[in-house]
Amino acid sequence: MSQAVEIDIRKGQKFSDAIRDHDVIVAKFKGKLYDLDSTAPEDGVFIPVKLRDEEGLTVLRHSAAHLLAHAVTSLYKGALPNTGPPTEDGFYYDIKMDPISSDELPKIEKKMKEIASKNLKIERLEYDKDTLVKIFSGNRFKLNIIEEKVPDGSTSTVYRQGDFVDLCTGPHVPSTSYLKAVKLLSLASTNYRGDINGEPLVRIYGTAFPDQKSLNEYLRMREEAMKRDHRKIGQEMDLFIFDSERAPGFPLYTPYGTILRNSLVGYMRELNRENGWSEVYTPHIFRDSMWKKSGHYAKYRESMYTFQMDDGTGYAIKPMNCPGHVTIFEREQHSFRDLPVRYSEPGTVYRYEKSGEVGGLTRPRMFTIDDGHAFVREDQIVSEVTAILGMIQKTFTDLFGKADLTYELSVIDKDDLDNYLITYRCSRCQTEIESRKTSQDHLICPNCGSTDLKPDLDRWDAATSALRNALQSQGVDFKEFEGEAAFYGPKIDVHLRDALGRSWQLSTVQVDFNLPLNFDLTYIDSGGERKHVVMIHRAIYGSYERIMAILLEHYAGKLPTWLSPIQVYITPVSDRFLPYTEKVHEKLLASGIRSFLDYSKETVNKKIRMNRKKRPSYIVIIGEKEVANSSVSVRNRRGDVKAMALDEFINMLRAEISHKRVEQPEFQ
RNA sequence: GCCACUGUGGCUUAGUUGGUAGAGCGGCUGAUUCGUAAUCAGCAGGUCGGGGGUUCGAAACCCUCCAGUGGCUCCA
């Protein structure tokens with residue numbers, strides 16, 4: 001982060017003439033980035049942007065993308081660059097070319113470095129549309145961009161470095177010599193414009209940094225992330241398996257994994273109880289009539305597991321828990337005094353994710369949501385959502401020690417109301433209907449047949465501002481995303497940043513007007529009138545699978561002791577000390593501590609080596625001294641060893657577990 | 001679902017241009033009774049993802065299906 005120094009500049013003066021610092025690569029003038037080589041459009045002050053600044057880094061990577069396209073087009077005849085933007089931590093370029101294998105990345109990278117070392121000037125050139133069309137006549141992708149983005153009679157810019165020219169609005173670093181630390185990372189394929197039917201393109205991912213040192217640091221982090229892959233750690237710790245032949249995409253939890261899972265379930269059960277959420281239990285299968293009524297069949301049938309019995313009745317396995325909770329809610333009439341009614345359940349759902357989409361615990365075909373549905377009055381939305389946000393903050397503070405959360409509020413796009421469920425009012429007879437119209441449909445008033453129906457967004461507005469109020473009352477920062485709302489209502493998504501700086505989407509809080517209408521869920525208000533409830537869907541972990549994956553990657557498997565499947569791994573130095581070891585083990589078990597005794601007759605070294613990958617919280621070794629002193633020799637996760645009295649060890653563990661401590665006490 | 005890559009015993013893997021599989025870890029057996037990341041020896045374990053084809057001969061080449069990985073699309 002460099003200081004926001006400001007430099008005076010006069011109209012027509014080149015930015016480069018006003019600065020000396022070689023690290024400055026672009027100028028920010030009135031909020032817009034300019035190449036150093038360009039001139040100020042008017043008098044004013046500009047901020048010099050350095051390589052290391054966030055915006056500078058983006059520019060650097062964008063330039064690196066050009067360098068990549070430059071190298072590829074010079075190596076592969078007929079390769080047609082499409083687009084190559086910077087990304088959060090690097091860049092990519094989509095190129096039409098024959099498929100290549102990742103073995104060729106080093107070759108391309110070498111070419112990039114070769115071009116960079118030529119210290120080519122990167123020039124910005126402005127041309128009219130006709131000239132642009134001539135320049136890119138051989139590249140139909142660029143011609144499409146010109147056709148769409150450059151109006152007739154206007155101009156746009158290209159950037160040239162040596163013999164390579166790319167259509168681009170820039171800005172870029174002044175010369176290729178800035179691109180010293182570039183690295184190609186992976187190869188993927190994509191379709192033109194992200195359209196499934198679009199032409200297949202080769203996408204090459206890479207990254208760039210101001211210097212080799214920070215690039216190396218990034219690569220180390222990347223490697224660390226790879227080592228922390230929950231699929232790998234989960235196998236090492238023996239937590240779950242996937243049997244890709246028998247159940248592709250379905251996790252099976254082993255005994256250790258089930259301990260972890262149950263710890264998380266137990267935590268949520270307690271949190272729910274403390275916050276007035278009743279636990280319920282619902283079937284995994286419902287008749288198809290249920291899914292027709294809920295609307296799931298209409299929208300999600302192809303990703304549901306459906307089947308038919310011999311007598312012809314149709315069923316489906318649940319892809320969501322809401323209908324079950326709704327069914328329980330419906331069993332009795334509700335007064336306005338009863339609300340909110342809150343049902344929660346670790347609800348296992350099954351969704352047929354398409355073959356290319358499944359992967360590990362983050363995208364399985366079976367997962368268990370820490371699901372909750374609150375049935376509330378409209379005036380209760382704010383307080384209910386506020387309470388849920390509090391539960392979210394508590395949960396992640398407990399799980400991660402310090403929760404680095406970001407909030408997103410997804411709201412309706414009022415310029416594009418198609419596909420949202422909204423109230424329409426007939427202009428002629430004032431009849432109100434609830435509908436989700438698509439662009440093909442046109443609505444007709446069921447009462448008078450008029451087609452003049454006006455959307456009424458009052459309820460959406462009220463719900464959205466309720467969510468906004470709840471967020472503000474919690475004093476958290478949030479961003480709003482227009483058009484990201486669910487079709488049935490606005491929602492809040494919560495993201496967590498992990499130890500490696502990666503952001504994961506976890507919690508979600510959604511306001512739903514749809515299901516209460518589909519199922520006609522009502523309460524009797526104080527005036528004796530029937531009103532529709534509002535449903536609030538909430539998941540805090542998101543799913544048990546996902547939170548487990550995140551915990552494993554965040555902690556590199558070294559889970560806080562309260563969550564750790566093996567809290568104590570205990571083994572004697574030799575069989576002679578087994579009786580005392582068993583006594584210690586039993587006392588630990590009696591104290592509620594998950595102790596696992598290793599009877600194998602191996603050397604201590606070997607036993608530790610064999611069991612370390614299971615990440616026990618503590619390793620306890622019992623030998624002659626321990627037997628003599630009624631003590632234990634304890635090794636913690638960091639590898640520090642300490643001898644202590646058995647009771648001292650048990651007290652330490654109990655405190656650590658009951659306070660859900662993330663760190664272990666230090667051994668002096 | 002689309003594109004690319006990959007698929008060898010429980011795990012990690014070797015296998016040059018095709019000549020019917022090697023290893024380490026783990027497992028088992030025996031010896032060793034051992035002090036915080038490698039004690040020794042022996043044994044068992046593989047229809048090289050499935051099926052089809054080419055060939056005198058296929059783990060290797062071709063086709064096809066399945067699965068995994070990385071992306072795209074999707075994610076209620």
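A note on names: the letters A, B, ... follow the listed sequences, proteins ahead of strands, and every chain is numbered from 1. Below, all heavy atoms of this structure are taken into account, side chains as well, without hydrogens, waters or symmetry copies.
The phosphate of B:rG30 (OP1 or OP2) has no side-chain N or O of A:K601 nearer than 4.0 angstrom. OP1 or OP2 of B:rC34 sits under 4.0 Å from a side-chain N or O of A:R576.
Rounded to a whole angstrom, the distance from the P atom of B:rG1 to that of B:rA38 is 47 Å. For B:rU16 and B:rC43, the P atoms lie 28 Å apart once the distance is rounded to whole Å. On the C1' atoms, B:rU17 is 45 Å away from B:rC74, given to the nearest whole Å. The C1' atoms of B:rG51 and B:rC5 are separated by 22 Å, rounded to the nearest whole Å. Comparing the C1' positions of B:rG27 and B:rG68 gives an interatomic distance of 26 Å, to the nearest angstrom. Comparing the P positions of B:rA21 and B:rU47 gives a spacing of 12 Å, expressed to the nearest Å. Rounded to whole Å, the P atom of B:rA14 lies 13 Å from the corresponding atom of B:rG9. With both ends at atom P, the span from B:rA59 to B:rC65 equals 22 Å, rounded to whole Å.
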Stepwise salt bridge (charged side-chain N to carboxylate O under 4.0 Å, His left out) test for A:E666 and A:R638 = CA-CA 9 Å; A:E666 291 217 12; A:R638 296 174 45 192; 3.6 Å; yes
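When side chains are defined from C-beta on, A:Y218 counts as touching A:D89, because their heavy atoms get closer than 4.5 Å.
Taking atom NZ of residue A:K613 and atom P of nucleotide B:rG10, one finds them 15 Å apart after rounding to whole Å. One can place CD of A:E602 at 14 Å from P of B:rA31, the figure rounded to the nearest angstrom. One atom, CE of A:M610, and another, P of B:rG10, lie 17 Å apart when rounded to the nearest Å. Between the CZ atom of A:R301 and the P atom of B:rG1 there is a distance of 18 Å, given to the nearest Å. Remark: P of B:rU12 and CZ of A:R609 are 18 Å apart, rounded to the nearest angstrom.
Figure legend: cation-pi geometry between A:R459 and A:F513, with NZ or CZ positioned under 6.0 Å from the six-membered ring centre and within 45° of its axis. The cationic atom of A:R203 (NZ for Lys, CZ for Arg) lies less than 6.0 Å from the six-membered ring centre of A:Y92 and within 45° of the ring axis.
At a cut-off of 3.5 angstrom, the base of B:rG10 holds no donor-acceptor pair with the side chain of A:Q235.
A salt bridge links A:E384 to A:R342: one of the charged nitrogens lies within less than 4.0 Å of a carboxylate oxygen.
Nucleic acid contact for A:V604: sugar-phosphate only, since backbone atoms but no base atoms lie under 4.0 Å from a heavy atom of the residue. Within the 4.0 angstrom heavy-atom criterion, no nucleotide atom of any strand lies near A:G489. Residue contacts for A:K607: at a heavy-atom cut-off of 4.0 Å it reaches no nucleic acid atom on any strand shown. A:E302 comes within 4.0 angstrom of no nucleic acid atom, judged by non-hydrogen atoms across all strands. Within 4.0 Å of A:N605, counting heavy atoms only, lie sugar-phosphate atoms of the nucleic acid but no base atom. Across all strands shown, A:S244 has heavy atoms under 4.0 Å from sugar-phosphate atoms exclusively, and none from any base.
Ring-plane geometry between A:Y300 and A:H296 is classed as tilted, the angle between the planes lying from 30 to 60 degrees on a 0 to 90 degree scale. Note on ring orientation: taking the six-membered ring where Trp is involved, the planes of A:Y352 and A:Y305 are perpendicular (angle over 60°, cut-offs 30° and 60°). Classified by interplanar angle (parallel below 30°, tilted 30° to 60°, perpendicular above 60°), the ring pair A:F375/A:H373 is tilted.
Map A:K606 and A:I619 each onto its nearest nucleotide of RNA chain B; the residue landing nearer the 5' end is A:K606. The residue among A:I608 and A:D575 whose nearest nucleotide of RNA chain B is located toward the 5' end is A:D575.
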ask   = In the 5'-to-3' direction, what one-character label does each nucleotide of nucleotides 69-76 of chain B receive under the scheme B = base within less than 4.0 Å of a protein heavy atom, S = sugar-phosphate only, - = no such atom?
value = SBBBBBBB
